[in-house]
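Worksheet for the structure shown next.
Below, chain A is the first sequence line, B the second, and so on; all start at residue 1. Hydrogens, waters and symmetry mates are skipped; everything else that's a heavy atom, side chains included, is used.
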Amino acid sequence: MTTIQPTRLDRKRRITVYAVREHGTNLLFMLPAFLLFAFIVLIPFIQSVPISFTDKKAIFAKNWNFVGIDNYVKLLKNKAFLDTFVHTAHFTVIYILGANVLGLIFALMIWRSGRFNNIVRTLLFMPFTVSLVASTKVWSYVYTDIVSPLFNIPSPLGVSSQVILGLAIIAIWRDMGYCMLIYLAGMQSVPKELYEAATVDGAGERQKLIHVTLPMIRPVAFFVFITNMVEAFKTFDQVSIMTDGNPLTNRTTTIVHQIYLRAFVNDYRRIDEASAMAVVLLAAAFLLTMINFKWNRSIDDEGR
Amino acid sequence: MKRILAILLTVAMMLSFASFAAAEEPINITVFHYMAQATKQGGLDAIEAAYTALHPNVTFTNIYYNQGTDYFPQLSTALSSGDQPNIIMGNPGLYPDLVSEGFVMDLTENETIKAMNLPAGDLGDVSANGKIYGFPIDFKSWGIFYNKTIFEEQGLEVPTTLTELNALQQKLIDAGIDPYVRSHNDAVYGDIECRNTVWTRALAAGDKDVFENLMNGSKKFTDYPYFAEALENWKMRLVGARTDDMSNTQDMGLEVFAAAGAAMRYDGTWAIGDMLSKEPAFEIGFFVAPIDDEGSAKLNVQVDQSFMVNPQAENADVALDFMEYWLTQGIAWSEISQMPLNTGVVSDNLLPMVKTLAEMKGSGNIAHYGDFTMPLSSAFTTAWRTELTAFAESVLTGGGMTVEQCLENLQVAFDEVIALN
């Protein structure tokens with residue numbers, strides 16, 4: 001008699017008491033966070049998808065019509081919306097470059113220094129722990145009451161061509177300490193043997209940095225890049241705090257801020273268009289993340 | 001007969017008990033508003049306290065949000081969640097969805113409003129689709145506020161013509177004094193700088209449908225010469241740029257002005273209370289900005305505080321009664337807020353400037369926004385203000401935008417709104 005042994009796949013699929021106990025506990029731990037996420041993010045987003053195919057204007061409107069993909073077609077023709085992508089990209093590039101380059105430089109500076117390591121680390125990380133609303137308010141005063149009179153120039157927040165730069169500087173100031181910590185952790189995990197081998201091969205400090213440190217912290221850099229990119233795409237708070245009420249700077253806002261304006265602010269009252277924007281934003285963010293993952297994987301494959 | 005009489009008396013007694021119980025039932029009225037100024041909030045508290053003194057069972061909850069940012073989002077959320085406010089601040093023309101969704105009471109046949117015999121302009125400002133939906137409490141205007149002390153020190157007189165204003169500005173610049181402190185971080189300022197010329201000229205020319213025509217696309221900005229004139233007049237005032245002109249909020253600008261950081265400030269009458277609260281000893285004067293050398297400028301008038309009653313909220317009748325009380329007995333509000341009432345009622349506790357404004361409006365020699373066939377809708381107002389602020393930015397930072405370019409930009413922005421709607 002032949003006994004058919006369960007394959008590995010079958011074993012995986014079988015629900016055992018052990019599996020339920022193990023994964024059930026994990027799921028239970030995740031449940032509160034998931035419920036919160038579902039209530040605040042997931043359900044409203046799912047609700048917004050059908051709205052994007054209607055002509056519903058205000059959130060409280062009871063009557064609306066199905067308009068198919070009209071809102072999406074309108075978005076493609078809407079210069080203001082397309083501009084928000086450009087502004088967001090502009091902000092993202094300055095912010096990611098600034099936060100990562102400065103974070104990396106600071107990480108390299110304090111990496112092997114024992115004396116000021118802790119104090120510098122704490123000082124640089126501190127902005128990340130400060131409330132974004134409070135720090136943004138303080139920065140608006142820094143621009144208007146310190147930078148402006150000191151250099152006799154207008155505040156960047158009052159000049160439409162400089163608003164994105166002004167906002168990116170705040171984001172860089174806030175996040176470079178975070179980037180530094182991640183890079184530092186990455187550097188500390190590089191095996192010492194690699195540096196010893198490089199030393200034996202006659203490599204100098206600069207060569208060790210280029211050929212050992214940077215390649216070894218590439219996965220960390222990828223993680224920071226992805227999280228920063230998502231953060232940049234979601235930028236809302238400082239834009240809202242610093243530019244609301246100013247028509248010029250409102251014109252140079254990011255996608256998420258435009259979605260908010262169109263969904264809720266009386267000047268626009270177009271929750272249908274805002275919903276379509278949200279769907280497009282999700283698709284764009286998903287696409288960019290996938291491209292990044294593919295790119296990272298291809299580099300990994302080349303390295304093997 | 002006795003039995004019927006007894007029954008009737010019993011019923012009457014029960015009804016009187018019931019009404020007594022109802023009168024004593026605590027009622028809370030929620031007022032949703034966007035009055036940022038502390039003086040106005042104080043005025044609201046005062047009028048509510050006066051009403052509560054007459055109706056002890058009625059209390060109020062005031063909910064404030066910034067108009068440009070949070071007001072409509074929060075109001076929308078409240079209305080859609082069923083947590084409905086009783087009284088909603090706003091001009092019905094700017095909140096068409098509230099009207100179409102039945103969140104504001106039709107007041108066209110309201111006897112109290114009718115009895116006030118308010119001018120057509122006041123009622124026009126609180127109407128939409130030919131029906132009255134708001135209570136017009138007070139009015140606002142705008143013009144040039146000046147620091148009397150600086151004017152006296154420099155030997156300056158209030159200008160009555162454009163040439164005089166130009167010379168005055170130059171004299172201040174020559175003396176090393178900033179002629180104006182501006183607040184173009186706030187969208188309203190470019191708008192009010194141009195209104196004086198546009199409203200005065202348009203109404204004088206009989207163009208009551210100017211905004212309606214621009215919004216439906218049947219006319220262009222260049223069809224009305226006074227838009228170019230308004231920009232030219234404003235450009236003349238955009239001299240002596242300060243580094244904070246574009247980044248100042250209203251409050252920041254008022255602080256500079258109250259601290260004598262500049263001689264003049266183009267602002268709305270809504271800021272009077274806050275100007276004085278920042279510096280009680282501040283000697284301020286006001287004049288309507290001249291638009292030519294012939295003295296054609298008229299005081300602009302627009303209903304400021306307009307409140308609508310939500311018929312879908314509980315105790316709508318009490319909310320209506322309170323608004324009727326405010327409209328007829330509003331001096332308690334006016335004395336604290338220093339806002340001139342549409343009814344023309346004044347008291348000795350008002351600033352002489354506020355009394356003068358009320359008298360000027362009473363004279364009828366004004367340009368009233370409510371006399372236009374249609375106000376600019378929110379989307380067009382945003383487009384209008386955005387392009388005007390871009391003009392200010394360009395002129396103040398040396399960008400050199402011309403009046404023609406600004407008109408062109410305005411037309412493009414309006415055409416875009418028309419195309420998208």
- Message: Is it the case that the ring center of Phe380(B) lies less than 6.0 angstrom away from the ring center of Phe414(B)?
- Response: yes

- With a 4.5 angstrom heavy-atom cut-off, which part of Ser76(B) approaches chain A: side chain, backbone, both or neither? both

- Query: Which one of Val417(B), Leu98(B), Thr381(B), Thr77(B) has the most heavy-atom pairs closer than 4.5 Å to chain A?
  - Reply: Leu98(B)

- Using a cut-off of under 4.5 Å for heavy-atom pairs, which of Gln250(B), Glu101(B), Glu416(B) has the most such pairs with chain A? Glu101(B)

- Query: Taking the six-membered ring for Trp, is the centroid-to-centroid distance between Tyr143(A) and Trp139(A) below 6.0 Å?
  - Reply: yes

- Which atoms of Tyr71(B) come close to chain A, meaning under 4.5 Å heavy atom to heavy atom: side chain ones, backbone ones, both, or neither? neither

- If you draw the axis of the six-membered ring of Phe264(A), does the NZ or CZ of Arg270(A) fall within 45° of it and under 6.0 Å from the ring centre? no

- Interface check, chain A: of Leu388(B), Asp244(B), Thr243(B), Asp245(B), most non-hydrogen pairs under 4.5 Å belong to Thr243(B)

- Strictly under 6.0 Å, is that where the ring centroids of Phe53(A) and Tyr72(A) end up? yes

- Query: Do you know which of Pro154(A), Ser140(A), Ala58(A) has the most heavy-atom pairs with chain B at a distance under 4.5 angstrom?
  - Reply: Pro154(A)

- Which is it for Asn65(A) and Asp55(A) under the side-chain hydrogen bond (donor to acceptor under 3.5 Å, both in side chains) test, yes or no, and what are the steps along the way? CA-CA 6 Å; Asn65(A) 302 305; Asp55(A) 63 356; 3.2 Å; yes

